[in-house]
Amino acid sequence: MKNEEVARLLREMGDLLELQGENGFKVVAYRRAARSVESMKTDLEEVSRQGGLESIPGVGKAIAAKIDEYLKTGKIESRERLFRETPPGMAEMLSISGLGPKTVSMLHQKLGVSTIAELEAAAREHRVRRLPRMGPTSEKNILRGIERWKKRSERIPLGVALPIAEEILGRLQKVTGIENLSLAGSLRRGMETVGDIDILATSSSPEAAIRAFVELPRVEEVLMKGATKASVIVDETVQVDLRIVDHRSFGTVIQYFTGSKEHNVKLRSLALSKGYSLSEYSLTRVADGEELFFGREEDLYRHLGMEWIPPEIREDRGEVEAALSGRLPRLVEVSDIRGDLHVHTDWSDGLHTMEEMVSTAQGFGYEYMAFCDHSHGLAIANGLAAERLFEKMELIAGLNDQVEGFSILVGTEVEIRADGRLDYPNEVLEGCDVVVASVHSSYHQREREMTNRIISAMESEHVDIIGHPTGRKIGEREAYEVDLERVLEAAARTGTAMEINAHPSRLDLNDRWSRRAKELGVKLAINTDAHSTCGLSAMEYGVKTARRGWLEKGDVLNAFGLRELLSHLGRG
DNA sequence: GCCGTTTTCGGCCCGACTGTTTTCAGTCG
């Protein structure tokens with residue numbers, strides 16, 4: 001599919017047009033078209049053959065012609081021209097925070113600066129401060145912006161952002177006058193990575209709240225601080241924004257700042273069709289200009305004729321339509337989780353004993369847990385030879401007699417070998433209550449090979465769950481080449497569950513594929529893959545991902561009670 | 001550049017904050 005490439009080119013053209021001082025709406029138009037093309041499910045070439053490019057939202061005559069030109073010739077003449085007129089390094093300068101198109105073009109015109117490196121040199125030589133509307137402070141800010149840009153990390157993993165956010169929320173909670181303290185943005189939506197941390201609150205004394213915020217011990221730099229909002233940097237690169245907002249508008253404000261942008265666009269146009277204009281401050285009746293205020297998000301959604309939509313699914317992927325017709329899913333919650341079906345102990349590469357893991361799990365109120373240590377083929381993780389697994393089974397039987405109201409299940413995380421065979425013979429697998437099968441080797445197989453490999457594991461009657469089905473590690477390692485659509489079809493056919501591995505660096509399956517699995521009638525197991533007692537608390541990340549995938553309690557294997565689970569696994 | 005069941009022209013979000021000014025332009029979300 002050429003869609004992604006076309007989206008990239010359009011977005012780039014938007015940047016270049018902006019640098020040339022083009023009309024801002026034109027710039028936005030290119031970016032909208034890029035987003036639209038990116039989110040399409042059908043191949044652009046197919047759409048173009050049918051003559052339907054202009055039916056893509058945000059794509060009109062002019063952009064359709066450019067897309068067509070690209071599909072036919074492999075390039076876009078007007079883009080080439082933009083590139084000839086604007087040095088390529090300039091677009092990159094826009095990614096320095098504080099620098100916008102106006103400043104970048106001025107720097108280029110007056111100082112001949114066209115790369116970040118040249119800008120840094122100019123600022124160090126104090127050539128920037130002599131320009132109009134520039135001064136020593138802006139010069140210093142540019143240098144700081146460049147420093148941050150140099151050590152910028154990519155997006156922040158949920159597993160990093162959420163603990164930071166919770167610590168900050170905990171401290172702000174104690175500040176006098178603060179109320180309605182809440183996360184917003186992509187973190188509230190539970191995305192697997194976030195750009196920054198957005199916090200909203202109301203307060204009887206905004207100044208005190210802002211002061212307390214910028215003075216938090218974790219804060220390393222204050223980017224800006226006003227009467228009602230402030231931005232700071234914590235942990236070297238993580239930006240945290242706090243906004244103190246008006247009590248009576250809190251509902252519309254938090255709706256607005258939670259996003260996603262796409263969801264908000266949909267909601268605003270829906271409001272318009274009902275005669276209202278929706279802003280972050282109020283819902284205004286167009287007819288007479290009367291403003292309606294909402295202190296609670298729930299009331300805003302209700303006023304627009306729909307149920308309150310959980311933040312995790314606010315992506316304009318059908319949730320507004322579902323809410324309007326009262327067909328929203330009842331998303332699974334952490335409190336629905338009855339156990340963990342993929343946990344390691346010190347028998348293989350885990351840190352803690354079975355007893356320690358059990359007592360932590362009991363603390364979560366779980367009913368059961370499956371110990372799935374590695375099989376012997378994974379020697380690096382001290383995988384268990386069959387004899388040691390048998391030995392462990394006996395020990396588990398003894399432990400089960402000792403604990404009350406809790407069941408320890410015998411499990412294994414068995415290797416799916418490169419040829420698709422499993423690492424234990426059937427006689428061994430038969431003795432297990434839960435078999436998770438995973439790929440940990442030969443990652444670089446071709447897509448066909450890898451897909452067949454996983455499917456042949458699923459065809460074993462003993463395999464219950466495919467562990468971390470794509471092998472990706474966020475920001476570290478790409479997923480292996482695998483045709484997930486075929487894998488999920490096979491899962492539906494063989495009754496095999498897919499794992500949502502809750503480890504924050506995995507979240508595998510991700511939200512989209514989890515939803516696809518559900519559509520195909522495949523069950524999912526949200527497992528922590530914990531290698532220590534603290535690892536068990538990753539469940540919340542997995543549940544967020546499941547919620548983003550529209551999963552309900554009934555879709556999740558480990559939301560089943562023990563009896564129901566065992567009968568589903570064919571062990572009841 | 002896109003869009004239209006109030007429109008084929010005139011709209012497209014706008015308020016907070018900063019650094020520079022001495023009343024405001026530029027950036028951000």
Side-chain angles (χ1 to χ4, degrees), chain A residues 10-11 13-14 16-37 53-67 76 78 82 93-107 128-142 144-145 184-186 194-200 206-207 210 214 222-232 239-246 249 252-254 256-261 264-265 267-269 271-284 286-287:
Chain A
L10 291 175
R11 188 163 290 128
M13 288 180 75
L16 294 171
L17 287 166
E18 189 171 36
L19 283 171
Q20 300 201 344
E22 256 295 354
N23 175 338
F25 296 114
K26 187 165 167 178
V27 173
V28 171
Y30 272 89
R31 292 183 183 152
R32 259 194 73 205
R35 260 217 312 279
S36 196
V37 165
L53 284 178
E54 285 185 53
S55 67
I56 302 169
V59 174
K61 228 184 193 93
I63 293 184
K66 293 188 172 76
I67 296 178
I76 301 172
S78 56
L82 281 169
M93 278 198 264
L94 291 175
S95 59
I96 306 282
S97 108
L99 287 188
K102 293 276 168 29
T103 316
V104 170
S105 347
M106 184 196 53
L107 289 164
V128 172
R129 62 175 66 184
R130 292 197 291 267
L131 298 173
R133 298 198 72 87
M134 287 283 158
T137 314
S138 11
E139 194 173 72
K140 211 165 66 206
N141 284 343
I142 287 176
R144 275 216 302 242
S186 47
V194 304
D196 60 9
I197 297 174
D198 289 309
I199 302 174
L200 296 180
E207 300 80 10
I210 295 294
V214 300
V222 179
L223 298 177
M224 63 125 152
K225 169 168 110 55
T228 63
K229 60 185 268 196
S231 295
V232 301
Q239 181 173 337
V240 188
D241 296 343
L242 173 68
R243 280 188 173 70
I244 305 296
V245 303
D246 192 7
S249 292
T252 40
V253 177
I254 190 163
Y256 176 82
F257 281 107
T258 297
S260 67
K261 200 171 265 179
N264 288 357
V265 166
L267 214 61
R268 279 202 300 275
S269 78
L272 270 179
S273 76
K274 291 178 181 283
Y276 292 103
S277 139
L278 174 62
S279 78
E280 60 192 282
Y281 293 98
S282 67
L283 192 63
T284 309
V286 179

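- If you check every strand for non-hydrogen atoms under 4.0 Å, A:S97 touches sugar and phosphate atoms only.
- Panel note: side chain A:E54, backbone A:G60; no donor-acceptor pair is recorded below 3.5 Å.
- Within 4.0 Å (heavy atoms only), A:L17 reaches no atom of the nucleic acid at all.
- Glycosidic conformation, B:dT7: syn, with the torsion inside 90° of 0.
- Of all nucleotides listed (B:dG19, B:dC12, B:dC17), B:dC17 comes nearest to the side chain of A:K229.
- For B:dC13, the OP1/OP2 oxygens have no side-chain nitrogen or oxygen of A:S277 closer than 4.0 Å.
- When rounded to the nearest whole Å, the span between CG of A:L223 and P of B:dG19 equals 11 Å.
- Panel note: side chain A:T103, backbone A:L99; no donor-acceptor pair is recorded below 3.5 Å.
- Distance, A:E280 CD to B:dG15 P: 9 Å, rounded to whole Å.
- Residues A:M224 and A:L272 both approach DNA chain B. Their nearest nucleotides, taken by heavy-atom distance, put A:L272 toward the 5′ side.
- Among the atoms of the strands shown, none is found under 4.0 Å from any heavy atom of A:S231.
- The partner of B:dG29 is B:dC14, by the rule that a Watson-Crick or G-U pair needs both atom distances under 3.5 Å.
- Ranking B:dG29, B:dA16, B:dG19 by closeness to the A:S138 side chain, first place goes to B:dG19.
- When the P atom of B:dC13 is taken as reference, atom CG of A:N264 falls 12 Å away, rounded to whole Å.
- The same atom, P, is picked in B:dC2 and in B:dT7; the two are 22 Å apart, to the nearest Å.
- Side-chain N or O atoms of A:N264 include one that pairs as donor or acceptor with a backbone N or O of A:Y256 at under 3.5 Å.
- If you check every strand for non-hydrogen atoms under 4.0 Å, A:N141 touches sugar and phosphate atoms only.
- Taking atom C1' on both B:dG10 and B:dT6, the two are 14 Å apart, rounded to the nearest angstrom.
- Within the 4.0 Å cut-off from OP1 or OP2 of B:dG1, at least one side-chain nitrogen or oxygen of A:K66 is found.
- Residue contacts shown for A:T103 are limited to sugar-phosphate atoms, with no base heavy atom under 4.0 Å away.
- Residue side chain A:R32 does not reach the base of B:dC2 through any donor-acceptor N/O pair under 3.5 Å, judged by distance alone.
- None of A:K26, A:K102, A:R31 except one satisfies the salt bridge (Lys or Arg N to Asp or Glu O under 4.0 Å) rule with A:E18; the exception is A:R31.
- Rounded to the nearest Å, the gap between the P atom of B:dT27 and that of B:dT20 is 14 Å.
- A:S249 places no side-chain N or O within donor-acceptor distance of the main-chain N or O of A:T252, the cut-off being under 3.5 Å.
- Residue contacts shown for A:V27 are absent, as no nucleic acid heavy atom lies under 4.0 Å away.
- No contact: A:A33 has no heavy atom under 4.0 Å from any strand.
- Toward the 5′ end of DNA chain B lies the nearest nucleotide of A:G58, the other residue of the pair A:D196 and A:G58 mapping further downstream.
- Here, B:dT21 and B:dA25 have their C1' atoms 10 Å apart, quoted to the whole Å.
- Residue-level contact check: A:P132 touches neither bases nor backbone, having no heavy atom under 4.0 Å from any strand.
- Between the C1' atom of B:dC14 and the OH atom of A:Y281 lies a distance of 8 Å, rounded to the nearest Å.
- Comparing the C1' positions of B:dT18 and B:dT23 gives a spacing of 15 Å, expressed to the nearest Å.
- Cation-pi geometry between A:R11 and A:Y30 is not met: the NZ or CZ atom fails to fall both under 6.0 Å from the ring centre and inside 45° of the normal.
- As rounded to the nearest Å, B:dC13 and B:dC28 have C1' atoms that lie 13 Å from one another.
- The backbone N or O of A:M134 sits nowhere less than 3.5 Å from a side-chain atom of A:S138 that would complete a donor-acceptor pair.
- With B:dG29, B:dG26, B:dG1 as the choices, the nucleotide that has an atom nearest any side-chain atom of A:A29 turns out to be B:dG1.
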